[in-house]
There are 2 protein chains.
Amino acid sequence: MSAGGGRVRIYDVAHLAGVSVATASKALNDTGRMTDETRAKVKVAAAELGFRPNAMARGLIQRRSFTIGLLTNDSYGRFTLPVMAGISEALVDQGVSVFLCGIEDDPALGKLHLDAMLDKQVDGIIASGKRVDRRLPVDLSNLPVPVVYAFTEGHEGSVTLVSDDAQGSAEAVEHLKRLGRKRIVHVTGPETFASVRERAAAYRNALGGEGIVLHGEWSEHWGHAAVDLLWTAEGARPDAIFCGNDQIGRGVVDALRERGVSVPEDVAVVGFDNWDIVASQTRPPMTSVDMNLKAIGREAGRLVLELAEGRAVEPGIRKLPCRLVIRQSCGGNAAVTHRRGGVEATVD
Amino acid sequence: MSAGGGRVRIYDVAHLAGVSVATASKALNDTGRMTDETRAKVKVAAAELGFRPNAMARGLIQRRSFTIGLLTNDSYGRFTLPVMAGISEALVDQGVSVFLCGIEDDPALGKLHLDAMLDKQVDGIIASGKRVDRRLPVDLSNLPVPVVYAFTEGHEGSVTLVSDDAQGSAEAVEHLKRLGRKRIVHVTGPETFASVRERAAAYRNALGGEGIVLHGEWSEHWGHAAVDLLWTAEGARPDAIFCGNDQIGRGVVDALRERGVSVPEDVAVVGFDNWDIVASQTRPPMTSVDMNLKAIGREAGRLVLELAEGRAVEPGIRKLPCRLVIRQSCGGNAAVTHRRGGVEATVD
DNA sequence: TCTGGATGAGAAAACGGTTTCTCGGGAGGG
DNA sequence: CCCTCCCGAGAAACCGTTTTCTCATCCAGA
């Protein structure tokens, strides 16, 4: 079983089975013609030696490397990692491995990684980013391999996968309306982001054209500041706040608590991103819109493989649905046990 | 420049330059003997055609794939991503690409990814995890390629890289002492973690054997609970809290603020991990110990390459120093501007 | 003028598989 | 009984490089 020295080659298998290399190859790949007996004999020999074919040799002739590249500028990995997980999940069964290349926003670095990947004959490339409406700092429009964009802007005529921000946004607002909330405010990120505009539009649409949208930065600070703003202003206060991301949501929840406004009784809060580390650690844990990044990754993996294997794929932008993850920041039917979680302490 | 159809092979370069394939190869690799003129001629032809050698063909004969695999069970990527960034940084210049494989804690998945990588003839493997004192659920002890462990426990006689928890811990405590803090408490994670024990020991050591250590879970909740505990208990209250990670630190800072205890005036707080998204978003931003994961990654990349190229590397555990990142939760010499950050709001 | 070493360059083998081509033999049909 | 066809299996070509070997040629030294 995998001796120390040289790895076992198909030659060794053929020798042990008493057949030619050609026959061995065909036996193992279930191609060619031979008796079932011969085929079985070869397979037994291969198993006995622990033979695994050299992917480079195989790839050279098949012109496939069973390898794809993931290019991203999301150095923090918050968006890319779930996407990556989905890609991997979709491809590992086909024996495809994934190169991960973080290129920051550096065109030179991007070129470096891209060239390295092309040299290695990747079967395809998936480009991913931290922002749907920005491009990676590297041109992928005339590559000898197929490209799929996931969560970043693609080139003309490309295949692009994004989450359906509008649907996610609408779902959040409908949820709040269903719970009887009347004055729903949207606190979100900078208007320069396409996803911000799209979510805001869907929010307004769900409210029949009404609504209040506050734009700020993507931070807890802004969540705080927005609550200050809302509670200092004249007029009726909101009974629900739909936030553009979980960090803003966290700031909002904290600010409300500090003001003595109770969540979810007085004000319901919904976040966006379902970034577990943030959403589940707010007090109370925050209901949030999940963009299903893993599903985007799976789909991207599936599509790039389709393309790599020569099947046609309709170009264009595909939107995958978001999913509302219910926690305790909206109240409603679920029993709102505001538990502190089994914290145990040992003094020593 | 990279025409659509078939990629350009060295044959094309040789043909254009009017030399043989062998000569072309030697010219491009700066090996063999030939006139400078011939060499230049080939290089010009290669540049003109945009020739890039097929790494699979090259790898087949050189028995190098210029590829390494990163195996991790850290699905959230908090530890693995910085390590990955370091590895990439160290290797991209050598033309080495990195396969990232998330294997959760599933032995079958681990084997699947490992086999896929070995088939692809990776030059080496780096194993990484979310916990220094746990092994990946896959045996890497008798592989035909070198293995380096980064931030996870290795096998007998292996090369392992970890952060120097004791030094980091000591640095944090020294910092607090230098600022005149006298009653420093350590609030940290479960004692089952080796890093917890090591940090706690170093903390006690820095205090001359004294000290109070509170163990709980790795959560904001526990940070809160610990403060409750400390402020409800009899006796003198701490004037500094050194936390086992940033999430606990965040809970501590929040709990203190809610109690009206001011940070850093009354109590200084130090975190661990320097997880920017947490540490910089506490109010005030939190001083924290950075484990230099990127440096660990760089070193792991460097070492696995050394091994892959046949050079000897002393086995054993190598500890890389931590670095204290000063923010505003300890006061001290730096001007403690408790700014709210340029929050701008636009109502629309 | 002859020999021998150095030099430039190409032919060919190798890497480890897959795939096409070839070939001998057995079965079946005329 | 002979011819054909099909089947099983091996020989050889191929993928795109690198590397070793071989071989002219040229120049220096005797």
Side-chain angles (χ1 to χ4, degrees), chain A residues 2 5-43 45-46 49-67 95 116 118-123 144, chain B residues 2 5-43 45-46 49-67 95 116 118-123 144:
Chain A
S2 87
R7 305 194 191 180
V8 23
R9 298 155 306 164
I10 199 171
Y11 172 85
D12 304 312
V13 175
H15 188 75
L16 177 61
V19 299
S20 72
V21 172
T23 303
S25 174
K26 284 179 286 195
L28 295 174
N29 292 303
D30 285 322
T31 60
R33 290 183 311 208
M34 70 197 66
T35 56
D36 291 348
E37 188 190 4
T38 305
R39 205 179 285 282
K41 195 170 55 182
V42 172
K43 286 186 175 176
L49 295 175
F51 170 72
R52 311 218 92 228
N54 181 321
M56 290 201 294
R58 163 181 275 176
L60 192 53
I61 189 165
Q62 293 189 161
R63 300 180 151 141
R64 284 269 322 256
S65 62
F66 288 90
T67 279
L118 291 176
D119 290 353
K120 278 156 195 140
Q121 313 290 116
V122 288
D123 299 336
Chain B
S2 87
R7 305 193 191 180
V8 21
R9 298 156 306 166
I10 199 172
Y11 171 86
D12 304 313
V13 175
H15 187 77
L16 178 61
V19 300
S20 71
V21 172
T23 302
S25 174
K26 284 177 287 194
L28 295 173
N29 292 301
D30 285 323
T31 59
R33 290 183 312 211
M34 70 196 67
T35 57
D36 292 348
E37 187 191 4
T38 304
R39 206 179 284 281
K41 194 170 54 182
V42 173
K43 287 187 173 175
L49 295 174
F51 170 72
R52 311 218 92 225
N54 181 322
M56 290 201 295
R58 162 182 276 176
L60 192 54
I61 188 166
Q62 293 189 161
R63 304 192 146 106
R64 284 271 320 256
S65 61
F66 287 90
T67 278
L118 290 176
D119 290 354
K120 278 157 195 141
Q121 313 291 113
V122 289
D123 298 335

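Within every chain, numbering begins at 1; the chains are lettered A, B, ... in the order of the sequence lines, protein sequences first and strands thereafter.
Not a single donor-acceptor pair under 3.5 Å links the side chain of A:R7 to the backbone N or O of A:F51. Side chain of B:R39 to backbone of B:R33: no donor-acceptor contact under 3.5 angstrom is found. B:K120 places a side-chain N or O within 3.5 Å of a backbone atom of A:F66 that can act as its donor or acceptor partner.
Atom-to-atom, CZ of A:R64 to C1' of C:dT19 comes out at 17 Å; the value is rounded to the nearest Å. Rounded to whole Å, atom C1' of C:dG8 lies 11 Å from atom CZ of B:R39. Residue B:K120 contributes atom NZ, which lies 23 Å from atom P of C:dC15 at whole-angstrom precision. If you measure from atom CD of B:E37 to atom C1' of C:dA9, you get 13 Å, rounded to the nearest angstrom.
With respect to B:K41, the side-chain contact (heavy atoms from CB on, under 4.5 Å) criterion is satisfied by exactly one of B:V19, B:T35, B:T23: B:V19.
Atom CG of B:D36 is surrounded by 12 or fewer heavy atoms from other residues, nucleotides or ligands within 6.0 Å.
Taken from CG in A:N54 to CE in B:M56, the straight-line distance is 10.5 Å, to the nearest 0.5 Å. Between atom CD1 of residue A:I61 and atom CZ of residue A:R63 there is a gap of 9.0 Å, rounded to the nearest 0.5 Å.
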At under 4.0 Å between heavy atoms, which parts of nucleotides 16-23 of chain D does protein reach? Answer with one letter per nucleotide, 5' to 3': B base, S sugar-phosphate only, - none.
BSBBB---

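Considering only side-chain N and O atoms, A:T35 lies under 4.0 angstrom from the phosphate OP1 or OP2 of D:dA9.
Axis orientation changes by 70° from one end of the helix from C:dT1-D:dA30 to C:dG30-D:dC1 to the other, with each end axis drawn from 5 pairs and the value rounded to 10°.
The two atoms that bring A:V8 and A:G50 nearest to each other are CG1-O, 4.2 Å, heavy atoms only.
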